[in-house]
Amino acid sequence: GYPVVAVTGNGIATVEKRVQSGELPYFPVIVAAVGTEIYVLHEENGEKVYKKDEAYEQMLLESGFNRPELAKTGQQMIEELNGTNIDYQESHPEWQLDFQQPSKEQAYRDGEIVAETPFKMSFYALAASETSLTALKAEVAKRFPGKQVVVCEEINHNSNMRPGDTKKKYCIDVLPTTKARAVDYISTTTGVVMRVVAGDSGNDAEMLTGTGDVSIIVGGARPELTTVISDVVSRTEVNRHFQRVRDPEGRLTKLYYRELGTGLGPESILRAIRYLKTAQKLHKKIAEKPIAPETGSFGIRIAHDPVPEK
């Protein structure tokens, strides 16, 4: 079969718990916390354990992601945008911006040693429209120049909204890297021949549009992702399962598989792989390196997030 790497916005503890319970398989690699942590599966004394990729962590340490200072900037932003700082005249209390874990961010501001998410600072906010959400993201990005700002829906909250509710809840992450860059790192260090990436939410967008040879948009994908994909695929392709992207000379540069129904993510991935075996002529690289389970010519498959993100 194909090796599968889990790429998730959740922390390693959440994924490990489900792996150890048998709900999820033992992935050879887990990319956690929106691409900021990589864990590789090892076997010690007959037991399977995940160990952090220290080389990747060192790269992020050298990126200048000063967590205590960023937490202070985050607190100042909350006070300004929520209107509690009377000196700031452009507040947006309707966003109800706050840290996802205020006590943890307080610990960072106080200079305490915090083991959790050293390269990921997260907020919650509400927005009633795309215009409001765009303005919110711009305010965050303005305060964290040079950092990645990733926004996605808070699925648990938004799937239980009552009729008449207009404000959706969003997760906002400030990061030194992204899922896409983590996938590129794994591909480079392992010598992957071909990459298939899959996802369903907004924080998968960069990974799906910029990483890999084939991208799978799974059934039930969020509008925040499908809108981005529709922007890069020509109108003549939008209603196809397989959607092709070509360069100005007409050469095929990327192949998308889009599950048009509401099927579950894993089912979408399996269907896409089956279809790819009969669609090699659509993609030159696939034609040159045929997909065959017995040869493992794909090298590695990057799974969509196996754990709903919070």
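Because only heavy atoms are used, hydrogens play no part in the values below, and waters and symmetry mates are left out as well, while side chains stay in. Every value quoted in this text rests on a predicted model; they were computed, and no experiment measured them.
To the nearest 0.5 angstrom, Glu224 atom CD is 9.0 Å from Asp200 atom CG. Between atom CG of residue Asn203 and atom SG of residue Cys171 there is a gap of 8.5 Å, rounded to the nearest 0.5 Å. Between the CG atom of Asp165 and the CG atom of Asn160 there is a distance of 10.5 Å, given to the nearest 0.5 Å. Taking CG of Leu97 as the reference point, atom CD of Glu79 lies at 11.0 Å (rounded to 0.5 Å). We find the CG-CG distance between Leu136 and Leu81 to be 7.5 Å, quoted to the nearest 0.5 Å. Atom-to-atom distance recorded for Gln76:CD and Tyr88:OH is 9.5 Å, nearest 0.5 angstrom.
Of all non-hydrogen atoms in Leu175 and Thr36, the two that sit nearest each other are CD2-CG2, 3.8 Å. Between Ala125 and Ile172 the shortest heavy-atom distance is CB-CD1, 4.0 Å. Minimum interatomic distance between Pro176 and Ser63 (heavy atoms only, all atoms of both residues): CB-OG, 3.6 Å. Closest of all the heavy-atom pairs between Lys120 and Val34 is CE-CG2, 3.6 Å. Residues Phe99 and Arg109 come closest through the heavy atom pair CE1-NH1, 3.4 Å. A pairwise comparison of heavy atoms in Pro68 and Asn66 identifies CD-OD1, 3.1 Å as the closest pair.
Grouping the Ile, Leu, Val, Met, Phe, Trp and Tyr side chains by contacts below 4.5 angstrom, directly or via other members, places Met59 with Val31. Note on Ile30 and Val4: same hydrophobic cluster, where clusters join Ile, Leu, Val, Met, Phe, Trp and Tyr whose side-chain heavy atoms are under 4.5 Å apart, directly or indirectly. Side-chain heavy atoms closer than 4.5 Å link hydrophobic residues (I, L, V, M, F, W, Y) into clusters, and following such links, even through other members, never connects Met207 to Val228. Residue Leu61 is grouped with residue Phe144 when hydrophobic side chains (ILVMFWY) are merged at heavy-atom distances under 4.5 angstrom, including chains of intermediate members. Note on Ile12: it clusters hydrophobically with Leu41, by side-chain heavy-atom contacts below 4.5 Å among ILVMFWY residues.
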(request) Begin with the C-alpha distance, continue with both residues' side-chain angles, and end with the deciding distance and a verdict on salt bridge (Lys or Arg N to Asp or Glu O under 4.0 Å) for Lys179 and Asp204. (result) CA-CA 7 Å; Lys179 286 182 176 182; Asp204 296 319; 2.6 Å; yes
(request) Start with the C-alpha distance between Glu43 and Lys48, add both sets of side-chain angles, then the distance that settles salt bridge (Lys or Arg N to Asp or Glu O under 4.0 Å), and finish with yes or no. (result) CA-CA 4 Å; Glu43 189 162 330; Lys48 294 179 178 180; 5.9 Å; no
(message) Could you walk me through whether Gln58 and Glu54 satisfy the side-chain hydrogen bond (donor to acceptor under 3.5 Å, both in side chains) test, starting with their C-alpha distance in whole Å, then the side-chain angles of each, then the deciding distance to 0.1 Å, before giving a yes or no?
(response) CA-CA 6 Å; Gln58 184 60 37; Glu54 295 182 356; over 6 Å; no
(request) Output, in order, the C-alpha distance, side-chain angles, deciding distance and verdict of side-chain contact (heavy atoms from CB on, under 4.5 Å) for Lys52 and Val40. (result) CA-CA 6 Å; Lys52 184 176 288 188; Val40 181; over 6 Å; no
(message) The test is side-chain contact (heavy atoms from CB on, under 4.5 Å); show your working for Val5 and Ile186 and say whether it passes.
(response) CA-CA 9 Å; Val5 173; Ile186 294 171; 4.1 Å; yes
(request) Would you check, one step at a time, whether the test side-chain contact (heavy atoms from CB on, under 4.5 Å) holds for Tyr185 with Asp53? (result) CA-CA 11 Å; Tyr185 170 85; Asp53 185 318; 3.0 Å; yes
(message) Using the rule given for salt bridge (Lys or Arg N to Asp or Glu O under 4.0 Å), can you reason through Glu105 versus Arg67, listing the C-alpha separation, both sets of side-chain angles and the distance that settles it, and then say yes or no?
(response) CA-CA 9 Å; Glu105 300 304 333; Arg67 199 63 172 76; 2.7 Å; yes
(request) Could you check Ser132 against Trp95 for side-chain contact (heavy atoms from CB on, under 4.5 Å), going step by step and ending with a plain yes or no? (result) CA-CA 9 Å; Ser132 180; Trp95 288 339; 2.8 Å; yes
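For the pair Leu225/Ile217, a side-chain contact is recorded, criterion being any heavy-atom separation below 4.5 Å from C-beta on. Within the 4.5 Å cutoff, no side-chain heavy atoms of Val149 are placed close to those of Asp173. Using a 4.5 Å heavy-atom cutoff, the side chains of Phe65 and Lys147 are in contact. Using a 4.5 Å heavy-atom threshold, the side chains of Phe123 and Val174 count as touching. By the 4.5 Å heavy-atom criterion applied to side chains, Ser122 and Gln101 are not counted as neighbours.
Judged by a 6.0 Å distance limit and a 45° cone about the ring axis, Lys169 is positioned over the six-membered ring of Tyr124.
There is no side-chain donor-acceptor pair under 3.5 Å between Glu154 and Asn158. For the residue pair Thr178 and Glu206, a side-chain donor N or O sits within less than 3.5 Å of a side-chain acceptor on the partner. Checked by atom type, the side-chain pair Glu37/Tyr39 shows a donor-acceptor distance below 3.5 Å. With no hydrogens or angles considered, no side-chain donor-acceptor pair links His42 and Glu44 at under 3.5 Å.
Classified by interplanar angle (parallel below 30°, tilted 30° to 60°, perpendicular above 60°), the ring pair Tyr26/Tyr50 is parallel.
Put simply, the side chain of Thr8 gets close to the backbone of Asn10: a donor and an acceptor are under 3.5 Å apart. When atom types are taken as modelled, the side chain of Ser215 and the backbone of Leu208 share a donor-acceptor pair closer than 3.5 angstrom. Checked by atom type and distance alone, the side chain of Asn85 pairs as donor or acceptor with a backbone atom of Asp87 at under 3.5 Å. A donor-acceptor pair is defined here as one N or O able to donate and one able to accept, closer than 3.5 Å; such a pair exists between the side chain of Thr73 and the backbone of Glu69. Remark: side-chain polar atoms of Lys168 are not paired, donor with acceptor, to backbone N or O of Ser129 under 3.5 angstrom. Arg143 contributes a side-chain N or O that, together with a main-chain N or O of Glu139, makes up a donor-acceptor pair within less than 3.5 Å.
More than 12 non-hydrogen atoms from other residues, nucleotides or ligands lie less than 6.0 angstrom from CD of Glu112.
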